[in-house]
2 protein chains.
Amino acid sequence: MRPPAAAAPAPAPPAEARRPRFQRQLPQQRRAALIAATIECLKRYGHDGLSIRTISAQAGVSVGLINHHFPNKDELVAGAFRHFNRELVDGLKAAAARPATPAARLRAFLEASFSPPNLDADVLAVWVVFWGLYRHSRPIQRVQRETYRDYVQLMRTLLGDILGKPGGGARGRGRAVNLRLAAIGLTALIDGLWLEWCLEPGGFRPREAVAICEGWVEGLQRRAAGWNSP
Amino acid sequence: MRPPAAAAPAPAPPAEARRPRFQRQLPQQRRAALIAATIECLKRYGHDGLSIRTISAQAGVSVGLINHHFPNKDELVAGAFRHFNRELVDGLKAAAARPATPAARLRAFLEASFSPPNLDADVLAVWVVFWGLYRHSRPIQRVQRETYRDYVQLMRTLLGDILGKPGGGARGRGRAVNLRLAAIGLTALIDGLWLEWCLEPGGFRPREAVAICEGWVEGLQRRAAGWNSP
DNA sequence: GCTGCTGTTTTACGATCGTTCAATTAGAGC
DNA sequence: GCTCTAATTGAACGATCGTAAAACAGCAGC
């Protein structure tokens with residue numbers, strides 16, 4: 001299940017019209033292409049796809065080019081992680097921005113979370129590999145701290161609009177605590193469902209995942225409304 | 001952050017009393033020791049710890065011994081994964097077996113899920129690495145199918161006892177569907193909280209995690225009792 | 001004490017790893 | 001068309017990888 005030994009596209013044959021052997025690109029574009037190749041390799045081969053040669057072959061460049069644009073492999077992987085995070089958060093933020101009511105925004109957020117391109121076994125497996133790198137890679141930790149903040153912010157905004165913003169009601173303190181736990185719980189629920197989908201794609205339907213999450217939020221609403229014990 | 005080059009305990013010095021240079025062990029015991037060493041390497045070095053030389057050094061044996069007891073590295077790793085799964089399920093099952101009432105059993109299950117040795121950043125990181133291997137390793141997939149069954153069975157029993165067993169009530173069909181989704185949701189919640197603890201140990205308190213899970217189950221109970229819309 | 005089996009070590013092999021660096025050359029600017 | 005910058009190539013390095021196989025040696029049985 002390792003990446004194939006040689007996957008590079010055939011080099012330009014010595015045709016009569018002498019085509020350039022490679023194309024120069026702006027560092028910015030080349031870095032983006034290398035990051036895209038890294039993610040593609042992760043999707044195809046998992047952790048084993050994270051080798052300089054596999055990635056450069058996927059990108060159609062030589063082995064030396066990566067170290068010209070990135071100081072080392074870890075930074076390339078961290079760059080791919082950053083891109084992956086940004087794509088997710090931007091997509092979810094855009095989906096949740098359209099609807100007018102708080103409930104519809106949360107629903108749009110959840111539906112985006114459980115539909116392509118996010119609910120894809122390959123994509124979710126990439127997340128898991130990144131998470132597996134987290135504990136022993138400083139660059140990954142740094143990116144996580146950078147980008148996770150946005151995700152938490154988005155989720156707390158959505159939940160706050162539904163549960164009543166802290167300071168908007170009478171008992172601001174109690175609700176602030178609930179908001180923190182609510183964000184932790186909903187994040188865990190989504191990540192956990194993603195993980196289950198990764199281990200067994202199709203084990204549930206996207207609608208069911210949304211329903212599970214909405215059920216959790218409704219329980220929160222009931223409790224926030226003082227519906228405390230049956 | 002790679003494993004150190006040499007980590008083997010110093011070889012027996014040429015003392016006057018000629019001690020044997022190694023001890024023979026029964027294959028069963030040696031395999032267990034190698035699996036324990038594999039897990040220890042995973043805790044210390046993450047995915048990079050999964051090398052024959054790192055593991056054999058950790059176990060205090062030579063490089064060739066692993067391939068004498070396991071057909072290849074993947075099978076050793078799968079064996080470690082099986083052991084890891086069994087330890088978890090056995091521990092949770094034992095914890096959930098003691099109390100007399102269904103609610104107390106579920107609480108004991110949750111408290112065991114969110115206390116040592118399960119709620120440990122190193123242990124949880126090992127889970128994530130295993131999950132990351134899942135998609136591209138047949139042996140890991142096989143072990144997952146073998147052992148995950150027990151976990152799901154345990155959780156469905158606990159939830160079934162609380163929500164009312166299918167066939168025990170009047171509307172068995174509807175409740176059976178709920179039980180499936182309930183197990184999916186609670187599993188996702190626990191796994192997701194584990195993941196969050198792995199990425200940020202101490203981000204919440206164990207009591208809070210238990211409370212979040214119990215809150216989810218209470219919401220299920222309300223809905224199962226026909227408490228459908230506010 | 002010797003024998004035999006088998007668990008264990010040791011050595012070696014070819015492959016692949018990340019990184020370096022001198023040589024090459026694409027392509028913009030003049 | 002020429003020059004010059006710098007993006008790119010490709011070979012080479014030493015290290016480490018997983019595995020095979022022969023040599024060694026612990027230790028039970030006689």
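Per chain, numbering begins at 1; letters A, B, ... match sequence-line order.
A centroid separation of less than 6.0 Å is found between the aromatic rings of B/F204 and B/W197.
Looking at A/R207 and A/E214, no side-chain N of the basic residue comes within less than 4.0 Å of a carboxylate O on the acidic one, giving no salt bridge. We find that A/R135 and B/D122 are joined by a salt bridge, their nearest charged nitrogen and carboxylate oxygen being less than 4.0 Å apart. A/R180 has a carboxylate O that lies under 4.0 Å from a charged side-chain N of B/E208, or vice versa, which qualifies the two as a salt bridge. For the pair B/R142 and B/E75, the salt-bridge criterion is met [side-chain N within less than 4.0 Å of a carboxylate O].
Atom CG of A/N72 is separated from atom C1' of C/dG18 by 9 Å (rounded to the nearest Å). Atom CG in B/L26 sits about 12 Å away from atom C1' in C/dT6, given to the nearest Å. One interatomic measurement links the two molecules: CG of B/N67 to P of C/dA12, which rounds to 18 Å at whole-angstrom precision. B/I55 has its CD1 atom 11 Å from the P atom of D/dT19, to the nearest Å. Rounded to whole Å, the distance from CD1 on A/I66 to P on C/dC21 is 18 Å. Atom CD in B/E75 sits roughly 10 Å away from atom P in D/dT19 (whole-Å rounding). Straight-line distance from the CD atom of A/Q28 to the P atom of D/dA6: 17 Å, rounded to whole Å. Here D/dT8 presents its C1' atom at 11 Å from CG of A/L34, a figure rounded to the nearest Å.
Set against D/dC27, D/dT8, C/dG27, the side chain of B/Q23 has D/dC27 as its closest nucleotide. When distances are taken from the side chain of A/Q25 to each of D/dT8, C/dT25, C/dG7, the shortest belongs to D/dT8. Set against C/dT24, C/dT9, C/dG18, the side chain of A/I52 has C/dG18 as its closest nucleotide. Closest contact between the side chain of A/H68 and the listed nucleotides C/dT24, D/dA7, C/dT19 involves D/dA7.
A residue-by-residue look at A/S51 and A/P71 shows that A/S51 has its nearest nucleotide of DNA chain C further toward the 5' end. Along DNA chain C, the nucleotide nearest B/R24 and the nucleotide nearest B/G64 are compared for position; the residue whose nucleotide lies closer to the 5' end is B/R24. Along DNA chain D, the nucleotide nearest to B/F22 and the one nearest to A/H69 differ in position, and the one closer to the 5' end is contacted by A/H69.
Contact annotation for B/L50: backbone-only contact, meaning every heavy-atom pair under 4.0 Å involves sugar-phosphate atoms and none involves a base. Contact annotation for A/R53: base contact, defined as any heavy-atom pair under 4.0 Å involving a base atom. Here B/V61 lies in heavy-atom contact (under 4.0 Å) with sugar-phosphate atoms only.
Within the 4.0 Å cut-off from OP1 or OP2 of C/dT25, at least one side-chain nitrogen or oxygen of A/R21 is found. In this model, the phosphate group of D/dT8 is approached by a side-chain N or O of A/R30 to a distance below 4.0 Å at OP1 or OP2.
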